[in-house]
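Whatever order the structure lists them in is the order used to number ligands and atoms, beginning at 1.
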Amino acid sequence: MADRTAKLSIADTDLDLPILSGTMGPDVVDIRKFYAQTDRFTYDPGFTSTASCDSGLTFIDGDKGMLLHRGYPIDQLAEKSSFMEVSYLLLDGELPNKAQLDEFEYTINRHTMVHEQLKTLYNGFRRDAHPMAIMCGVVGALSAFYHDSTDINDPEQRRIASHRLIAKMPTLAAMAYKYSIGQPFLYPDNNLSYAGNFLRMTFGVPAEDYVVDPVIERAMDRIFILHADHEQNASTSTVRLAGSSGANPFACIAAGIACLWGPAHGGANEAALNMLREIGTVDRIPEYIARAKDKNDPFRLMGFGHRVYKNYDPRAKVMAQTATEVLDKLGVSDPVFDVARKLEEIALNDPYFIEKKLYPNVDFYSGIILSAIGFPTTMFTALFALARTVGWVAQWNEMISDPAQKIGRPRQLYTGPTQRDYVPVDKR
Ligand code: CMC
């Protein structure tokens, strides 16, 4: 609440700007009336100092390396909870009791199939299409299948659209994979868990029974939990911005998928494993560390650094532990894991990384686990999108439910030509 103000003087205008406090985290200075009162804009490319909304979903303290969903620490959720439970928590605000969880799982299970006609859409893609290209297309196309979910002012329709998206993402992602390797699509098996069902649709074949390995199923579920939400990151802000115009939710999530694909965001998991493979052996690490520090070289250590975390990303800790469990269980000794461990150790002791507070992020170890399970690198970001869908829909829903919500419309500092007269083509 605003019981204090920040004083700001511009030319001959003195302003008292309200200071708002949340339940945790830094206060914010409310500048909503700034333009009206000063005829000036604030300037903050990349929104490094700007809160774009209020939200009760996720809290990050980047200096402490803290991540909470609805108040619960991510490490506790990753260890003790399930992705379905975390999804319920993000959507509804509280952990479900047993009956609520059963009902939620039942509902999600009942929405896992996709319309048969959607299959024909896959056939339009080249068979070597990147799964994220397919995901952008097919998730956006869901908007054409669900006219009944387009009344975004009806909470019930918003709820159904959210459940559909969470339920169908594993089916769509598995279909993208199957399409790329030329195998038939598998229908969901609703007797399996969310993660187990996804593993079966991805790695099973119609001619054989697929037995879900509980260790891999648990690792998959944990990876989903670790990616479920991350407050106002680029893709979530994209979903909010797209949704702020009243757009169809399926189309908004497709916009989020497009944003997530970039190597500075969700695409970093693919880029991180490619980088670790390129490094290949521990003795080559110093060469890559030197490149990362060289201002004239665009190379960055992928899976390192974060806009918000200036400490160890708590998700990376759980991910490193999960990598050990999965590799042990599968009996895989991947030299890339040794390179990752050593790279982390060297970077964390290097003055450049210490000074800039660059630590491993969630993407640093996730690729090693996903690769050991059998996913090709191109699927990594699709899995991130699958898991992040619950965060996107929860944030979208929170925004639409907020009566103060406005269409997102940033301003700019114009640096183009001033007004000039048109010159006919023969006079230019
Ligand atoms: N390797 C080497 N130097 C780095 C790195 C890195 N990975 N990340 C940041 N820096 C340096 C950067 O050169 C800059 O140096 P200087 O101050 O001398 O110009 C300084 O650290 C600050 O970097 P920045 O780009 O201004 O910071 P940002 O907050 O805009 O960028 C980031 C955050 C995640 C885009 C960046 O750290 C990065 O590109 N990391 C590699 C890609 C990656 O792993 N992304 C996944 C993020 S976590 C998953 C997700 O949420 O999507």
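- Remark: distances from the non-hydrogen atoms of Leu358 to ligand 1 include one below 4.0 Å.
- When all heavy atoms of His306 and Val308 are compared, the pair lying nearest together is ND1-N, 2.9 Å.
- Side-chain atoms of Thr48 and Asp44 form a donor-acceptor pair, as typed in the model, at a separation below 3.5 Å.
- Considering Phe198, Phe104, Phe224 as possible partners of Phe83, the one that fulfils the ring pair (Phe, Tyr, Trp, His ring centres under 6.0 Å) test is Phe224.
- When only non-hydrogen protein atoms are considered, atom 21 (O) of ligand 1 lies nearest to Lys356 CD, 3.3 Å.
- Considering only non-hydrogen protein atoms, atom 7 (N) of ligand 1 sits nearest to Leu301 O, 2.7 Å.
- Looking only at heavy atoms of the protein, atom 50 (C) of ligand 1 is closest to His265 ND1, 3.5 Å.
- Within ligand 1, the atoms closer than 4.0 Å to a non-hydrogen atom of Ala268 are 43 (C), 44 (O), 45 (N), 46 (C), numbered from 1 in the order shown.
- Remark: atom 27 (O) of ligand 1 lies closer than 4.0 Å to no protein heavy atom.
- Using modelled atom types, no side-chain atom of Thr236 and backbone atom of Gln232 make a donor-acceptor pair closer than 3.5 Å.
- Remark: the backbone N or O of Leu358 is not paired with any side-chain donor or acceptor of Lys310 at under 3.5 angstrom.
- Counting atoms of ligand 1 from 1 in the listed order, those under 4.0 Å from a heavy atom of Gly266 are 52 (O).
- Among all protein heavy atoms, the one lying closest to atom 19 (O) of ligand 1 is Lys295 NZ, 3.6 Å.
- Nearest protein heavy-atom neighbour of atom 39 (O) of ligand 1: Arg300 NH1, 2.9 Å.
- Contacts between Tyr352 and ligand 1, counted as non-hydrogen atom pairs separated by less than 4.0 Å, involve the side chain only.
- When atom types are taken as modelled, the side chain of Thr112 and the backbone of Ile108 share no donor-acceptor pair closer than 3.5 angstrom.
- Using a 4.0 Å cut-off to heavy atoms of Ala264, the atoms of ligand 1 that qualify are 45 (N), 46 (C), 47 (C).
- For atom 42 (C) of ligand 1, the candidate residues are His227, His230, Arg307, Met302; the nearest heavy-atom contact is made by Met302.
- His306 CD2, 3.3 Å is the protein heavy atom nearest to atom 48 (S) of ligand 1.
- The ligand atoms of ligand 1 that sit less than 4.0 angstrom from a heavy atom of Gly303 are 43 (C), 44 (O).
- No donor-acceptor pair under 3.5 Å is formed between the side chain of Asp221 and the backbone N or O of Ser82.
- In this structure, the side chain of Arg164 does not engage the main chain of Val114 through any donor-acceptor pair within 3.5 Å.
- Scanning all protein heavy atoms for the shortest distance to atom 49 (C) of ligand 1 gives Asp363 OD2, 3.1 Å.
- From the protein, the heavy atom lying nearest to atom 40 (N) of ligand 1 is Phe304 O, 2.9 Å.
- Contact check on Glu278 versus Arg284 returns no salt bridge, with no Lys/Arg side-chain nitrogen under 4.0 Å from an Asp/Glu carboxylate oxygen.
- Proximity of a side-chain donor or acceptor of Tyr179 to a complementary backbone N or O of Tyr122 within less than 3.5 Å is detected.
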